[in-house]
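Bear in mind that the values here come from a model prediction, so they are computed numbers and not experimental data.
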Amino acid sequence: MRENKNILPNINDARLRNRPVKIIYKDVQVPSSLLNFPYPKTFYIKTYGCQANYRDEETIAGLLCYAGFKRVDNIQTASIIFFNTCAVRENAEQKLFGHLGELKAIKQKDKNKIICVSGCMMQERESLQFLVDTYKYVSIIFGTHNIASILDLLDEYLSTKKMLIRVPSNSDEVVENLPSYRSSLFKAFVNITYGCNKFCTYCVVPYTRGQERSRLMEDILKECRFLKENDYQEITLLGQNVNAYGKDLKDGSNFAKLLEEVAKMNFPRIKFLTSYPSEFDDDLIDVIAKYDNISKYIHLPVQSGSNVILQAMGRRYSKEAYLDLVKRMRAKIPNLRLSTDIIVGFPNESEEDFLETLDLVQKADFASAFTFIYSKRKDTPAAKIVDKVSYETKVERFKRLVKLLEQHISAYDAKAMNQLHHVLVESVSEKDPTMLSGYDEDNKLIHFKGDTNLIGKIVKVKIKESHMYSLIGELIDE
């Protein structure tokens, strides 16, 4: 029987940067213990958090399917259960602990159930330790850097039957050739970078995802060609900071060049997430303007409109620089639609600071925004700041921000009335089974009546009603 050597996260290792990146072309081997795993060979995955987490889910599922397992939606019928976690918001942690508590009875009923917890939250030592101490029936805990090794981890657990913890705190690797179980047959995420080097003072991602690592352009384009050959209608190039793509490769690669090569493949719709304002250069603006299939709906996080707060956040731009970028983008991309992220209540944000944010919102004219009240994250510099602003004040400011943003969103929706929008049909509406739902080129949710054979296709819809966060339209039958 193997010796169980647990690996715990270390904050000092998580801070390391500038190690040479290794590109590994993995030859996936299925251990005999998984080939001979007793039936039912089934697994269940629940993911919390961002697009990167959902892309990780597709890789985990792909590896399990490659080993002969079948995905199920009922946790009761699963032989292996995965919870893939997020560390950005505290409520994601509470949801995880609630679900793990519910699994106790399932594990008592069937001691052969294998319960795995992975993802960003496991990269935080305090959260991991609480999980280990409280939920002793968890089988395997692994982090963001060893997803490629999940089959080997399962094999090791089956040998030892002891809780296995494998959470290295950083990585200098990019692993290729991993199988994927895509969650959609017509839209896909494509990783172009992993990790982040920005170290914004409020953000835990650089510690949980490690140093920035770019995939080789040829490997990205190979994946994109496969998706194009399989009739995918929309792809999203994915990275914590897509603008940083290629900097670590030192071979002349950059994001503008990559985006143009993907655009030439003639996907109907190309998106990317997420951009960093100070690295959004004119070459990138020109490429976006040049190709019609590159979405003109761009997510450009600002976080605050106050230079004082931006500096305290460790953001590497000013309010003025951000607005100048928006001006240059609008000059070359007339149909530009911007979304953003805004944090209200960063430690010691004053009323004057908050008013600067409202002013920026007014001038930038966002089509949508993700807004948050600041949430303290362990091991980040901002968590050590003594905050003198009450939570009640933050909530009141948050409401004022949302009210202003809704005015801008309503204005955009008013312009959409009686206009034709191209909608990628995704599903039957959750609230009305007689309606279909999908997103237009501006990432706006649109509902309309139509036949289910339209799912996975891009259709024209004329907008008839506005409901703030969604639109109602009618199908234009050509």
Side-chain angles (χ1 to χ4, degrees), residues 192 198 234-237 239 241-247 253-264 266-307 310 315-342 355-371 401 404-417 419-422 439-444 463:
I192 66 168
K198 287 293 182 282
E234 175 185 300
I235 62 168
T236 301
L237 303 179
N241 173 19
V242 292
N243 314 72
Y245 173 75
K247 290 184 176 181
S253 301
N254 61 48
F255 184 53
K257 292 178 181 178
L258 172 65
L259 184 60
E260 182 160 31
E261 290 303 311
V262 176
K264 290 177 182 177
N266 294 318
F267 283 96
R269 191 180 290 177
I270 301 166
K271 298 180 178 179
F272 55 87
L273 287 170
T274 296
S275 304
Y276 195 84
S278 63
E279 294 179 328
F280 207 112
D281 59 27
D282 289 327
D283 288 343
L284 179 56
I285 295 172
D286 290 340
V287 170
I288 295 167
K290 180 179 178 180
Y291 292 91
D292 291 338
N293 60 343
I294 298 177
S295 175
K296 305 307 184 276
Y297 175 89
I298 296 172
H299 190 63
L300 192 66
V302 67
Q303 308 301 357
S304 175
S306 163
N307 288 336
L310 287 172
R315 302 292 284 182
R316 305 177 189 189
Y317 53 86
S318 64
K319 174 186 178 182
E320 293 75 20
Y322 185 94
L323 290 173
D324 179 68
L325 171 60
V326 171
K327 183 180 179 180
R328 288 186 284 119
M329 292 172 72
R330 292 198 189 281
K332 292 187 176 181
I333 312 171
N335 53 341
L336 179 72
R337 299 288 187 271
L338 284 177
S339 68
T340 196
D341 294 337
I342 299 175
L355 291 176
E356 290 286 350
T357 296
L358 295 184
D359 180 65
L360 181 140
V361 167
Q362 192 71 38
K363 291 174 178 175
D365 191 23
F366 297 114
S368 66
F370 297 92
T371 53
L401 172 64
L404 177 59
L405 285 165
E406 287 181 345
Q407 292 174 7
H408 286 265
I409 295 169
S410 294
Y412 275 104
D413 290 350
K415 295 176 185 176
M417 298 303 293
Q419 300 297 311
L420 289 180
H421 287 234
H422 294 86
Y439 288 86
D440 70 0
E441 51 270 79
D442 294 335
N443 209 46
K444 193 75 176 185
I463 305 304

In sequence, state the C-alpha distance, the side-chain angles, and the governing distance for Tyr297 and Ser368, and then conclude on side chain to side chain contact (heavy atoms under 4.5 Å, CB included). CA-CA 10 Å; Tyr297 175 89; Ser368 66; 2.7 Å; yes

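- Heavy atoms of other residues, nucleotides or ligands lying less than 6.0 angstrom from NZ of Lys332 number more than 12.
- Contact check for Asn443 versus Ser339: no side-chain heavy atoms found under the 4.5 Å cut-off.
- Residue Arg337 holds its CZ atom at 9.5 Å from CG of Asp440, rounded to the nearest 0.5 Å.
- Interatomic distance, OH of Tyr322 versus CZ of Arg315, reported as 9.5 Å (0.5 Å rounding).
- For the pair Pro301 and Ser275, the tightest heavy-atom approach, listed with the atom from each and the gap, is CD-O, 3.2 Å.
- Atoms CD and CG, from Glu356 and Leu310 in turn, are 10.0 Å apart once rounded to the nearest 0.5 Å.
- Here the side chain of Arg330 pairs a donor or acceptor atom with the backbone of Ala364 at under 3.5 angstrom.
- Counting heavy atoms from C-beta outward, Tyr245 and Leu259 have side chains that stay 4.5 Å or more apart.
- Separating the OG atom in Ser304 from the CG atom in Asp341 is a distance of 12.5 Å, to the nearest 0.5 Å.
- Side chain of Asn254 to main chain of Ala256: a donor-acceptor pair is present (N/O by atom type, distance under 3.5 Å, no hydrogens or angles).
- Between Tyr412 and Asp442 there is no side-chain heavy-atom pair separated by less than 4.5 Å.
- Using a cut-off of 4.0 Å between Lys/Arg side-chain N and Asp/Glu carboxylate O, Glu260 and Lys257 are scored as not salt-bridged.
- With respect to Arg316 and Glu279, no salt bridge is recorded, no charged nitrogen being found less than 4.0 Å from a carboxylate O.
- Across all their heavy atoms, Asn243 and Tyr276 have their closest contact at OD1-N, 2.7 Å.
- In the displayed structure, Phe267 atom CZ is contacted under 6.0 Å by more than 12 heavy atoms of other residues, nucleotides or ligands.
- Listed for the Asn307 side chain is a donor-acceptor partner under 3.5 Å among the backbone atoms of Lys319.
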Show your reasoning for whether side chain to side chain contact (heavy atoms under 4.5 Å, CB included) applies to Asn335 and Glu441. CA-CA 11 Å; Asn335 53 341; Glu441 51 270 79; over 6 Å; no

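- Distance check: Ile270 CD1 to Asn293 CG gives 4.0 Å after rounding to the nearest 0.5 Å.
- The closest donor-acceptor contact from the side chain of Thr340 to the backbone of Val302 lies under 3.5 Å.
- Counting only heavy atoms from C-beta outward, the side chains of Met329 and Leu338 approach each other to under 4.5 Å.
- Between Phe280 and Phe272, the ring-plane angle classifies as tilted under the 30° and 60° cut-offs.
- Lys415 contributes atom NZ, which lies 15.5 Å from atom CD1 of Ile463 (distance to the nearest 0.5 angstrom).
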Step by step, work out the side chain to side chain contact (heavy atoms under 4.5 Å, CB included) result for Ile288 and Leu336. CA-CA 10 Å; Ile288 295 167; Leu336 179 72; over 6 Å; no

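- When Asp283, Asp282, Asp286 are each tested for a salt bridge (charged side-chain N to carboxylate O under 4.0 Å, His left out) with Arg328, only one passes: Asp282.
- Under a 4.0 Å N-O distance rule, the pair Asp359/Lys363 qualifies as a salt bridge.
- Closest heavy-atom contact between Val242 and Leu237: CG1-O, 3.9 Å.
- The shortest heavy-atom contact between Gln419 and His421 is O-CD2, 3.5 Å.
- Tested against Phe366 for a side chain to side chain contact (heavy atoms under 4.5 Å, CB included), the candidates Leu360, Leu300, Leu404, Ile409 yield a single pass: Leu360.
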